[in-house]
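Right, one structure below, let's go through it.
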Amino acid sequence: MPEGSEIRRAADALEAAVLNKPLTDVWFAFPTLKTFEQQLIGEKIERIDTRGKALLTHFSNGKTLYSHNQLYGVWRVVNADETPQTTRVLRVKLQTADKAILLYSASEILMLDDDELAKHPFLLRVGPDVLDLTLTVEEVKERLLSTRFRRRQFSGLLLDQAFLAGLGNYLRVEILWHAGLSASHRAQDLTPEQLERLAKALLEIPRLSYNTRGSVNENKHHGSIFSFKVFHRAGELCERCGGVIDRTMLSSRPFYWCPHCQK
């Protein structure tokens with residue numbers, strides 16, 4: 001499943017293709033969205049925001065298309081009127097004079113106005129986005145030590161979008177390795193130095209992934225530019241201490257770590 005950095009890069013590619021261009025063709029698979037097809041002809045996509053793994057496509061008529069890729073959804077950019085060969089099921093088509101953006105296989109797609117957007121359950125529940133450059137280390141530390149999150153083990157906390165949006169399994173693994181912490185730790189038990197390291201890693205690792213991992217292959221979400229230190233490296237030697245990287249299951253997801261230096 002793609003994580004926040006992959007979703008943000010996908011949004012960048014979509015914006016580069018269709019931003020501020022009049023829509024010439026609009027198609028939705030779901031009957032509840034059919035009434036919006038003609039309404040959007042001639043309108044423009046003004047911006048595409050991300051909130052963790054959700055995509056918010058804002059139109060010039062004030063409407064916003066909410067979509068969540070979940071496990072199988074994927075966006076593609078194609079030339080106008082191009083029909084890609086794929087086994088995926090098309091859900092959304094937004095086309096301009098020269099390009100089209102296509103959403104395949106996603107099941108959570110809604111058209112919302114501003115009031116509905118402000119009340120959407122996922123957007124109300126989700127925490128600050130780790131790719132929001134206004135989010136600071138101090139704010140992350142405050143969130144870690146808040147009554148809501150301070151007693152939770154990192155194994156589950158770092159997968160919870162209510163804590164910080166955009167995190168996922170490979171980021172959980174890499175963040176904890178960089179912070180030198182095991183998944184069983186809780187924020188309330190950390191020293192000030194450990195808390196500082198973790199808060200920095202929670203911002204730096206997702207942003208490094210976004211900046212360096214390059215284009216997303218829909219069949220392989222984990223690219224080759226971003227250098228994994230422990231993820232998918234069970235049995236290899238830890239570059240920090242020389243110990244052997246281990247693999248286990250935590251919160252129903254594979255977890256990789258170095259038992260020798262993640263204490």
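Using modelled atom types, one finds no donor on one side chain facing an acceptor on the other under 3.5 Å when comparing Asn20 with Glu46. Using modelled atom types and a 3.5 Å distance limit, the side chains of Asp246 and Thr248 yield no donor-acceptor pair.
Here the CG atom belonging to Leu203 is positioned 7.5 Å from the OG1 atom belonging to Thr136, to the nearest 0.5 angstrom. Distance check, rounded to the nearest 0.5 Å: OG1 of Thr50 to CZ of Arg8 gives 4.5 Å. Here the CG-OG distance, from Leu167 to Ser5, works out to 9.5 Å after rounding to the nearest 0.5 Å. To the nearest 0.5 Å, atoms CZ (Arg76) and CG (Leu103) are separated by 11.5 Å. The NZ atom of Lys99 sits 8.0 Å away from the CD atom of Glu82 when rounded to the nearest 0.5 Å. Residue Leu164 holds its CG atom at 10.5 Å from CD of Glu139, rounded to the nearest 0.5 Å.
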May I have the step-by-step check of side-chain hydrogen bond (donor to acceptor under 3.5 Å, both in side chains) for Glu43 and Ser60, ending in yes or no?
CA-CA 6 Å; Glu43 301 291 344; Ser60 53; 2.5 Å; yes

Could you walk me through whether His58 and Ile45 pass side-chain contact (heavy atoms from CB on, under 4.5 Å), step by step?
CA-CA 6 Å; His58 300 280; Ile45 295 173; over 6 Å; no

Walk me through whether Leu158 and Leu202 qualify under side-chain contact (heavy atoms from CB on, under 4.5 Å).
CA-CA 9 Å; Leu158 269 59; Leu202 281 163; 4.1 Å; yes

Derivation of the side-chain contact (heavy atoms from CB on, under 4.5 Å) call for Leu157 and Leu144:
CA-CA 9 Å; Leu157 180 63; Leu144 280 164; 4.2 Å; yes

In sequence, state the C-alpha distance, the side-chain angles, and the governing distance for His232 and Val173, and then conclude on side-chain contact (heavy atoms from CB on, under 4.5 Å).
CA-CA 10 Å; His232 278 177; Val173 166; over 6 Å; no

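In this structure, Leu117 is not a member of the same hydrophobic cluster as Leu33, with clusters built from ILVMFWY side-chain heavy atoms closer than 4.5 Å. Using a 4.5 Å cut-off between side-chain heavy atoms of Ile, Leu, Val, Met, Phe, Trp and Tyr, with links allowed through other members, Leu250 and Phe149 fall into the same hydrophobic cluster. Note on Leu198: it clusters hydrophobically with Leu135, by side-chain heavy-atom contacts below 4.5 Å among ILVMFWY residues. Residues Leu171 and Leu181 share a hydrophobic cluster, clusters being chains of Ile/Leu/Val/Met/Phe/Trp/Tyr side chains in contact below 4.5 Å.
Of the possible donor and acceptor atoms, one in the side chain of Thr212 sits under 3.5 Å from a partner among the backbone N and O of Leu208. Listed for the Asp25 side chain is no donor-acceptor partner under 3.5 Å among the backbone atoms of Gln95. At distances below 3.5 Å, not a single donor-acceptor pair connects side-chain atoms of Glu204 with backbone N or O atoms of Ala201. Judged by distance alone, the side chain of Glu15 and the main-chain N or O of Asp12 form no donor-acceptor pair under 3.5 Å. Arg240 contributes a side-chain N or O that, together with a main-chain N or O of Trp177, makes up a donor-acceptor pair within less than 3.5 Å. Between the side chain of Lys34 and the backbone N or O of Phe28 there is at least one donor-acceptor pair closer than 3.5 Å. Between the side chain of Gln39 and the backbone N or O of Thr35 there is at least one donor-acceptor pair closer than 3.5 Å. Between the side chain of Thr24 and the backbone N or O of Thr96, at least one donor-acceptor pair lies under 3.5 Å.
Looking at heavy atoms from C-beta onward, Phe30 lies in side-chain contact with Ile109 at the 4.5 angstrom threshold. Using a 4.5 Å heavy-atom threshold, the side chains of Val137 and Val140 count as separate. Here the side chains of Arg88 and Val74 are in contact, with some heavy-atom distance below 4.5 Å. Side-chain contact between Leu94 and Phe59 is present, with at least one heavy-atom pair separated by less than 4.5 Å. Here the side chains of Thr64 and Leu110 are not in contact, with every heavy-atom distance at 4.5 Å or above. Under the 4.5 Å side-chain criterion, counting only non-hydrogen atoms from C-beta, Met249 is not in contact with Phe255. Counting heavy atoms from C-beta outward, Leu65 and Leu56 have side chains that stay 4.5 Å or more apart. Between Cys238 and His260 there is no side-chain heavy-atom pair separated by less than 4.5 Å.
For residues 148-159, the pairs satisfying salt bridge (Lys or Arg N to Asp or Glu O under 4.0 Å) are Arg152-Asp160, with sequence neighbours left out.
The ring-ring contact (aromatic ring centres under 6.0 Å, His included) search around His120 returns Tyr66, not counting sequence neighbours.
Nearest heavy-atom pair, Asn169 versus Pro254, reported as atom, atom and distance to 0.1 Å: ND2-O, 2.8 Å. Of all heavy-atom pairs between Tyr256 and Phe231, the closest is CD1-CD1, 3.8 Å. For Phe122 against Arg51, the heavy-atom pair with the smallest separation is CE2-O, 3.7 Å. Smallest separation of non-hydrogen atoms from Lys229 and Arg233: O-NH1, 2.8 Å. Scanning all heavy atoms of the two residues, the minimum distance from Pro206 to Val130 falls at CB-CG2, 3.7 Å. Closest heavy-atom contact between Leu159 and Ser251: CD1-CB, 3.9 Å.
Under the 6.0 Å cut-off for aromatic ring centres, Phe228 and Tyr170 qualify, their centroids lying closer than that.
By the 4.0 Å N-to-carboxylate-O rule, Lys200 lies close enough to Glu196 to be salt-bridged with it. A salt bridge links Lys141 with Glu138: the distance from a Lys NZ or Arg NE/NH1/NH2 to an Asp or Glu carboxylate oxygen falls below 4.0 Å.
Both the sub-6.0 Å distance and the 45° axial angle are not jointly satisfied by Arg172 relative to the ring of Phe154.
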